[in-house]
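Just the heavy atoms: all of them, side chains too, but no hydrogens, waters or symmetry mates, feed the values below.
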Amino acid sequence: MTDSRETILQRIRAGLGPSGDPAPGYAAIPREYTRASRLDTEARLHLFLERLRDYDTNVVESDAASVPETILTILRGGSQKKVIVADGLPAHLLPAGFRFLPEGQATVGDLDDCDGIVTLCTVAIAWTGTIGLTHGPGEGARRLTLLPDRHLCIVRAEQVVETVPEAIERLGSSATPLLTLISGPSATADIEMTRIRGVHGPRLLDVVLVR
């Protein structure tokens, strides 16, 4: 195993220059795939919402002023009472009169038995219906997005890009070694194609798209 590891690392080093920059010729590699948006804003958002719904995501559109009310409606509709909110999420986005448990005060037990969580995101991809979190303020620690059964994520319209390369470019400006990509509720299937939800993350996903 060690020999294989060293072989792989040697090949990576050989492909990089002394400073760690890509070797000469890297920029000349053909990239004929779509790298920029071809859709207008409305078409891009429509595609994003369509992909999310294909994944059985509960999607609700909202204007900025109605976000707290929208969140409250979703939480009540799911009979959620114990909800953890990511540290750093702006208070004005949350409904008054609903008691949230701050992430910083939540124990592992709280994460395990809570009814859901609320976070922001960094970017979203229309083509794949994917939401990207870099776990900065308002996005929660990695465990917050993996253990609870339900995840409510607030996505702003301007965060939605069309293609994966555009998303990677945006994420490249985020100084973080940690990235979580979410494409719908967690689901997997065994060899008999029995679909099971919630194995690798939240079983239910709510998205509030803020226009």
Side-chain angles (χ1 to χ4, degrees), residues 48-125 129-157 159-160 178-190 194-211:
F48 177 58
L49 295 176
E50 187 178 69
R51 292 287 191 268
L52 288 175
R53 292 181 178 120
D54 283 345
Y55 295 146
D56 295 328
T57 299
N58 176 42
V59 183
V60 182
E61 298 181 65
S62 173
D63 57 46
S66 302
V67 170
E69 181 182 349
T70 300
I71 291 176
L72 183 60
T73 299
I74 293 173
L75 297 182
R76 285 179 173 171
S79 300
Q80 300 181 64
K81 296 179 180 179
K82 183 179 181 180
V83 178
I84 301 174
V85 62
D87 289 342
L89 194 148
H92 72 270
L93 294 176
L94 300 174
F98 191 99
R99 186 177 179 181
F100 292 93
L101 176 62
E103 176 189 2
Q105 298 177 20
T107 64
V108 174
D110 290 324
L111 293 174
D112 185 53
D113 66 14
C114 72
D115 297 317
I117 63 168
V118 181
T119 76
L120 304 177
C121 73
T122 297
V123 70
I125 308 169
T130 301
I131 298 168
L133 284 73
T134 53
H135 301 286
E139 297 184 27
R142 183 69 178 272
R143 68 177 189 171
L144 182 67
T145 62
L146 293 177
L147 294 180
D149 192 50
R150 190 161 194 158
H151 182 178
L152 189 157
C153 187
I154 303 168
V155 181
R156 301 193 313 274
Q159 292 179 308
V160 182
L178 190 59
L179 171 65
T180 297
L181 298 175
I182 302 168
S183 295
S186 172
T188 190
D190 60 18
T194 301
R195 195 163 186 260
I196 302 172
R197 290 190 178 191
V199 176
H200 307 295
R203 184 172 54 90
L204 301 166
L205 176 64
D206 301 297
V207 170
V208 175
L209 178 63
V210 185
R211 289 177 174 268

L181 and G132 have their tightest heavy-atom pair at CD2-CA, 3.8 Å
Is there a donor-acceptor contact under 3.5 Å linking the side chains of H151 and T119? yes
CD on Q159 to CG on L120, rounded to 0.5 Å: 7.5 Å
Going through the distances and angles, do L94 and L89 end up as a side chain to side chain contact (heavy atoms under 4.5 Å, CB included)? CA-CA 9 Å; L94 300 174; L89 194 148; 3.9 Å; yes
Taking S62's backbone N and O only, do any of them form a donor-acceptor pair with S66's side chain (distance below 3.5 Å, no angle check)? no
Does atom NZ of K82 have more than 12 heavy-atom neighbours from other groups under 6.0 Å away? yes
Heavy-atom side-chain contact between T57 and P185 under 4.5 Å: yes
Evaluate F100 against L75 for side chain to side chain contact (heavy atoms under 4.5 Å, CB included), listing each step before the verdict. CA-CA 11 Å; F100 292 93; L75 297 182; 3.7 Å; yes
Would you say R211 has more than 12 foreign heavy atoms packed within less than 6.0 Å of its CZ? yes
Of the non-hydrogen atoms in H200 and S186, which two are nearest, and what is the gap between them? N-OG, 3.0 Å
Would you mind checking if R203 and D149 are paired as a salt bridge, meaning a charged N to carboxylate O distance below 4.0 Å? yes
Nearest heavy-atom pair of F48 and I125: which atoms, and what distance? CD1-O, 3.6 Å
Salt bridge R150-D115, side-chain N to carboxylate O under 4.0 Å: no
